[in-house]
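All residue numbers in this chain count up from 1 along the given sequence. One-based numbering, in listed order, for ligands and for the atoms of each.
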Amino acid sequence: SKVGVIGVPIHMGQPRPGTEHGPEAMREGGLISKLEGLGLDVEDQGDLFLEKHDEDIHDHPAKNVKNVGSASSQIADSVYNTIKSGRTCLALGGDHSMAIGSIYGHSLAEPDHVVIWVDAHADINTPLTSSSGNMHGMPLSFLVKEVQPYLPDIPHFDNIKPCLSAKNIAYIGLRDVDPGERYIIEKLGIHSFSMTEVDKFGIKDCVEKALHAVDPEGNKPIHLSFDIDALDPSLAPSTGTPVPGGLSIREGNYIAEELAATGRLTCVDLAEVNPKLGNDRDNETTVRSAITIIQHCFGNRRQG
Ligand SMILES: N[C@](CCCC[B-](O)(O)O)(CCN1CCC(O)CC1)C(=O)O
Ligand SMILES: [Mn+2]
Ligand SMILES: [Mn+2]
Ligand SMILES: [Mn+2]
């Protein structure tokens, strides 16, 4: 099958320099040849050239709205075009604000797609519930229709429209959820399989329940937004917001294999790899984990 790889060198959604080097780190780790080794037709589109803007709004609770808004439009166009060309899209981050554009672009091509969000965090703060103002903690609030009444005006996001229903999202791996996010998740009934559920039910049941919850008929295109910090920090130390007690590589691989097995995985984000954090060994470990997850999203199976 055909894959289109897009580098998304964005860092403005969070305060720690380095996520803009995530795409190149994954390429240097051999990602493209490993995907080709799976027999895939891989088109590496290189990194998006994200326009740089001087921020013109300084009293907004969200930081860098102009840069993130502009990047989101560019990402959406690129993801849309990739999917419309008949390729599964692989978007390499870059901080998780990249998902605003990737999910919106995916929805333009496949309006009824569902989202599996694998992350230590819920990333559904609004600018008003966020304690940090960092937009990598907000992407889903920009996209979920039912959250819109709670959002303040957000300049520079006119091109991004809410495109998701709460019932079409499921979380796996949560273990650091803010009070405002907890309120939104409960109020909207967003399906959530935190590390508690992973421990309680095991990863097989969590994936099965998550998929059934968002797509009971088993016929919708799937968007996997995978934040590398969903994995245990021992597996992904080079990331900006590590939280102990994460997914094992076996659990991460299992999620990827099961989604790949549906044959409906249409867009994959791999977010929050920051090669500037930690030492060289930490970088290698993190990049290796990211590539392993991606390989299992695209057909590599532990059974052979
Ligand atoms: N929820 C956080 C973290 C977002 C992480 C984004 B990512 O893409 O990596 O999933 C805030 C986290 N929280 C802030 C207060 C602290 O005491 C505890 C951590 C936020 O800044 O919104
Ligand atoms: Mn930065
Ligand atoms: Mn996270
Ligand atoms: Mn995230």
Side-chain angles (χ1 to χ4, degrees), residues 8-20 22 60-65 68 71-72 75 91-103 115-144 147 150-152 154 164 169-185 190 192-195 198 223-247 251-252 255 267-278 286 289-290 293:
V8 184
I10 191 167
H11 67 91
M12 305 292 268
Q14 53 83 53
R16 307 180 76 172
T19 54
E20 66 275 22
H60 199 278
K63 294 169 183 163
N64 301 323
V65 284
V68 175
S72 297
I75 296 162
L92 304 175
D95 72 65
H96 221 164
S97 65
M98 69 185 282
I100 298 171
S102 72
I103 289 176
V115 173
I116 303 291
W117 195 279
V118 183
D119 201 325
H121 311 92
D123 293 6
I124 199 165
N125 274 306
T126 73
L128 298 175
T129 66
S130 171
S131 60
S132 66
N134 298 328
M135 293 189 77
H136 71 162
M138 304 178 193
L140 282 170
S141 79
F142 283 53
L143 299 163
V144 177
V147 178
Y150 304 94
L151 280 187
I154 301 167
L164 291 178
I169 302 165
Y171 288 115
I172 301 175
L174 298 184
R175 54 191 186 276
D176 181 7
V177 178
D178 298 337
E181 297 179 309
R182 171 50 44 206
Y183 175 81
I184 292 168
I185 291 166
I190 297 177
S192 166
F193 299 89
S194 73
M195 290 310 297
V198 173
H223 187 115
L224 170 62
S225 204
F226 198 106
D227 185 326
I228 200 68
D229 73 30
L231 298 181
D232 189 81
S234 62
L235 294 163
S238 297
T239 194
T241 52
V243 185
L247 296 170
E251 289 163 334
I255 295 168
C267 194
V268 177
D269 306 322
L270 198 297
E272 298 285 353
V273 170
N274 188 333
K276 293 284 179 283
L277 299 177
T286 306
S289 294
I293 295 296

Are the side chain of [X] and the backbone N or O of [Y] linked by a donor-acceptor pair below 3.5 Å?
{"X": "Glu272", "Y": "Thr19", "value": "no"}
{"X": "Thr129", "Y": "Gly180", "value": "no"}
{"X": "Thr126", "Y": "Leu151", "value": "no"}
{"X": "Asn274", "Y": "Thr239", "value": "no"}

Neighbouring protein residues of ligand 1 - any heavy atom closer than 4.0 Å: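 Contacting ligand 1 under 4.0 Å are His96, Asp119, His121, Asp123, Asn125, Ser131, Ser132, His136, Gly137, Asp176, Asp178, Asp227, Asp229, Thr241, Glu272.
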
Just wondering, do [Y] and [X] contact through their side chains at under 4.5 Å, heavy atoms?
{"X": "His60", "Y": "Ile154", "value": "yes"}
{"X": "His121", "Y": "Val243", "value": "yes"}
{"X": "Ser132", "Y": "Gln14", "value": "no"}

Please say which of Asp227, Asp229, Asn134, Asp119 ends up in a side chain to side chain donor-acceptor pair (under 3.5 Å) with Thr241.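 Exactly one option meets the side chain to side chain donor-acceptor pair (under 3.5 Å) with Thr241, and it is Asp229.
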
When you check the space around the Mn ion (ligand 4), which protein N, O or S atoms turn up under 2.8 Å?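 Listed by chain and number, the nearby protein N, O or S atoms are His96 ND1, Asp119 OD2, Asp123 OD2, Asp227 OD2.
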
Aromatic ring pairing Trp117/Tyr171, orientation class (parallel under 30°, perpendicular over 60°, tilted between):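 Ring orientation, 0 to 90° scale: perpendicular.
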
